[in-house]
Amino acid sequence: MSQSDSLPTPDVKGFLEISRVGIPGVQRQTLSGSHLILGRNPQAQIVLDHTTVSRSHAELVFDPFGRWWVHDLRSTNGTYVNGSLVEERMLNPGDTIGIGDFSLRLHIPGAREVRERADSFHPLPDAPAHLMADEDATLITVLPKITDSPQINASHLTTVMALGRQLMSVEDPAKRLRTLCEFIVGSDFPADSVVTIRMRDGKPTKIVSGPFLRNPSIPSPGRQVSIGVLKTLWDTREPVLGSNGMYSGHGIRRLSMPNAIRQLAVVACPLDMEDHKLDALYVEFPPSYGTAEWLTLVALVAEAYQQAELVWDMRKHVRQSAFVERELQMARQIQDGLVPRTLHIEGLDVAIGYEPCRWVGGDYVDIVPMPDGRILLAIADVCGKGLQAALVASSLHTMVHATIDAGGNLSQLIQSCNTYLCSYLPEHSFVTMMLVAIDTMSGELEVVNAGHPPAFAVSPDGRVRQLQSERNVALGMMETRMEMERSMLIGNELLVLYSDGLTEMVDENQVALGEERLSAHLADIVQREPHATVEEYRERVLQRLTAYRGSQLATDDSTFLVARRPYFPRHGGRMYEI
């Protein structure tokens with residue numbers, strides 16, 4: 001039943017950075033909705049127009065727990081995540097999806113990622129009075145690529161690598177930041193002071209950590225920091241170097257503090273970036289360290305911290321995902337356990353096809369012996385999908401069994417279900433349901449249909465007739481009396497109950513299967529093999545459904561039941577009200 005700070009609308013769940021081999025530039029594609037088709041088809045939500053991409057190549061799915069999944073839709077060239085071929089994979093922030101000649105990098109709001117460039121340019125507003133401005137606005141230095149900078153002494157690189165390993169072992173985020181700052185003013189590093197500053201929309205707003213000082217007699221940063229350096233950092237999102245000493249020159253921002261007061265060099269590096277927020281590492285050195293080599297070394301230290309933060313975020317994500325996966329697995333096992341497994345009923349052959357579209361579903365199907373010797377066949381479809389629908393479906397299972405075990409008949413059962421659902425269903429939700437009580441000896445049927453698709457009775461020669469339809473409203477909508485139908489299951493007729501996940505299934509042209517096509521498929525299946533078993537009929541139906549859907553991902557639960565009795569009584573039927 002198909003029903004960050006920087007994000008422009010609440011519905012946007014992240015974005016993709018899309019690049020193509022041999023084509024310069026990156027395209028940004030926002031992610032909204034829960035099912036996004038990627039492919040060459042112009043109707044796809046994310047169009048990748050190249051011959052290396054299938055028309056419907058893959059799909060991105062946003063699950064109820066806020067996670068993105070990628071599903072390959074039987075593409076010609078396959079779908080890759082971080083270089084590995086996948087059919088279905090949960091995505092983590094920063095993962096890269098490979099589709100043909102395209103690379104798509106996933107960005108998720110609130111997730112920490114090491115970003116390579118700024119997304120936007122924001123002018124710096126007037127500086128607070130306690131921050132010092134720069135006289136010389138001439139630009140400076142940005143570190144495009146660390147590998148292009150001069151080499152650092154091997155011992156310095158060793159200490160940076162050791163810092164990275166240490167940060168990987170510290171679980172508390174505040175302690176990791178403190179460990180970083182203490183390293184910078186420690187024995188293995190020549191900095192005089194360090195502070196981390198948070199900027200929003202280009203403006204310094206707070207000190208996150210520090211200041212940390214090598215010598216407490218030195219004026220602490222945070223009272224006097226260079227607005228020009230921070231502005232350059234905000235604009236470029238790359239490490240910046242400034243100096244008021246003799247080493248200033250090309251690529252170094254000139255600081256306004258007179259060197260008669262205090263000579264120094266400063267380096268500012270990004271630690272964590274979002275579109276409208278930036279956490280900066282601001283380090284002061286003696287002026288002799290105001291060189292590109294020390295700019296590079298601080299950048300390496302910041303990168304070690306970023307990598308550690310990314311690893312800790314990934315660990316947290318994996319832990320949460322593992323917990324959710326266990327919970328979903330348990331829920332799926334419980335729901336699967338409610339589907340009848342013992343289908344050996346004297347006088348009636350029964351087989352069930354059951355496929356939730358995602359993890360757990362909102363369809364209910366059951367076979368229940370009644371106290372009077374008849375067999376109850378039940379099928380229901382809860383409006384919606386996921387956990388809420390699954391809970392309602394489980395409660396239906398309980399109510400059906402409790403009512404039948406207490407000796408209730410069909411009219412009492414349908415009225416009890418309706419009363420219960422009217423009281424407890426969320427607003428705008430409802431349940432469609434079909435109940436069939438069959439006397440396996442005589443073939444007599446009692447049928448009540450509450451807004452559900454009509455059942456089919458298919459004869460061996462391919463004739464199809466419908467049982468009760470369009471006479472009663474769905475359950476949970478209003479208190480009302482339901483009409484019931486008496487009928488017969490004649491000879492070798494095949495009785496088929498199904499949910500609308502079958503009739504609303506679409507092919508690759510988005511054409512729904514519909515009741516007419518479904519009944520035609522059933523007629524053809526039975527006519528071709530009139531003596532097949534119900535298990536064989538179930539497999540034939542599943543094959544037809546799979547072929548019709550093609551590469552389209554299921555968007556609703558698909559459930560059906562086929563039953564046949566080996567007797568040949570007379571036919572009759574009449575309508576009456578419960």
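The closest side-chain heavy-atom distance from T52 to V21 is not below 4.5 Å. Proximity of W234 to V240: side-chain heavy atoms (C-beta onward) are nowhere separated by under 4.5 Å. L513 has its side chain out of reach of T503: every pair of non-hydrogen atoms, C-beta onward, lies at least 4.5 Å apart. By the 4.5 Å heavy-atom criterion applied to side chains, V70 and D95 are not counted as neighbours. Side-chain contact between V185 and L213 is absent, with no heavy-atom pair separated by less than 4.5 Å. Residues L16 and L60 meet the side-chain proximity criterion, which asks for heavy atoms closer than 4.5 Å. Inter-residue side-chain proximity for L180 and F212 is flagged as unmet; no heavy-atom pair is nearer than 4.5 Å. Contact check for T179 versus Q166: side-chain heavy atoms found under the 4.5 Å cut-off.
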List the steps, then state whether side chain to side chain donor-acceptor pair (under 3.5 Å) holds for T79 with D72.
CA-CA 6 Å; T79 300; D72 183 74; 2.5 Å; yes
For V267 and L297, what are the C-alpha separation, side-chain angles and deciding distance, and is it a side chain to side chain contact (heavy atoms under 4.5 Å, CB included)?
CA-CA 10 Å; V267 172; L297 187 59; over 6 Å; no
Derivation and outcome, side chain to side chain contact (heavy atoms under 4.5 Å, CB included), residues W68 and L36
CA-CA 11 Å; W68 282 105; L36 304 175; 4.0 Å; yes
Side chain to side chain contact (heavy atoms under 4.5 Å, CB included) between H71 and V61, worked out
CA-CA 8 Å; H71 304 265; V61 177; 3.4 Å; yes
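Side-chain N or O atoms of D500 include none that pairs as donor or acceptor with a backbone N or O of E504 at under 3.5 Å. Looking only at distances, a side-chain donor or acceptor of T205 sits under 3.5 Å from a matching main-chain atom of R198. Between the H276 side chain and the M199 main chain, no donor and acceptor come within less than 3.5 Å of each other. A side-chain donor-acceptor contact under 3.5 Å links T196 to the backbone of S209. With hydrogens and angles ignored, the 3.5 Å screen pairs a side-chain donor or acceptor of Q306 with a backbone N or O of P270.
Closest approach of N509 and D507 over heavy atoms only: N-OD1, 2.9 Å. Pairing each heavy atom of Y282 with each of S226, the nearest pair is OH-N, 2.9 Å. Of all heavy-atom pairs between F285 and V298, the closest is CZ-CG2, 3.5 Å. Counting all heavy atoms, side chain and backbone alike, I37 lies closest to Q45 at N-OE1, 2.7 Å. Heavy-atom minimum distance, L73 versus S56: CB-O, 3.4 Å. Heavy-atom minimum distance, L233 versus A280: CD2-CB, 3.4 Å.
Note that the OG atom of S54 and the CD1 atom of I99 stand 9.5 Å from one another [nearest 0.5 Å]. With rounding to the nearest 0.5 angstrom, the OG1 atom of T559 is 6.0 Å from the OH atom of Y354. Rounding to the nearest 0.5 Å places OH of Y305 at 6.0 Å from CG of L271. I18 contributes atom CD1, which lies 11.5 Å from atom CZ of R28 (distance to the nearest 0.5 angstrom). Distance check: R200 CZ to K206 NZ gives 8.5 Å after rounding to the nearest 0.5 Å. For the atom pair CG (L278) and CG (L230), the distance works out to 9.0 Å, reported to the nearest 0.5 Å.
When N82, L104, L91, L106 are each tested for a side chain to side chain contact (heavy atoms under 4.5 Å, CB included) with T96, only one passes: N82.
Using the six-membered ring where Trp is involved, F102 and H50 have ring planes that are perpendicular, over 60° apart on the 30 and 60° scheme.
Using a cut-off of 4.0 Å between Lys/Arg side-chain N and Asp/Glu carboxylate O, D49 and R40 are scored as not salt-bridged. Note on D272 versus K277: salt bridge recorded, some NZ/NE/NH1/NH2 to OD/OE distance being below 4.0 Å.
Counting non-hydrogen atoms of neighbouring residues, nucleotides and ligands closer than 6.0 angstrom, the CD atom of E87 reaches no more than 12 such neighbours.
Pairs passing the salt bridge (charged side-chain N to carboxylate O under 4.0 Å, His left out) check and including a residue from residues 176-186, sequence neighbours excluded, read R176-E309, R178-E182.
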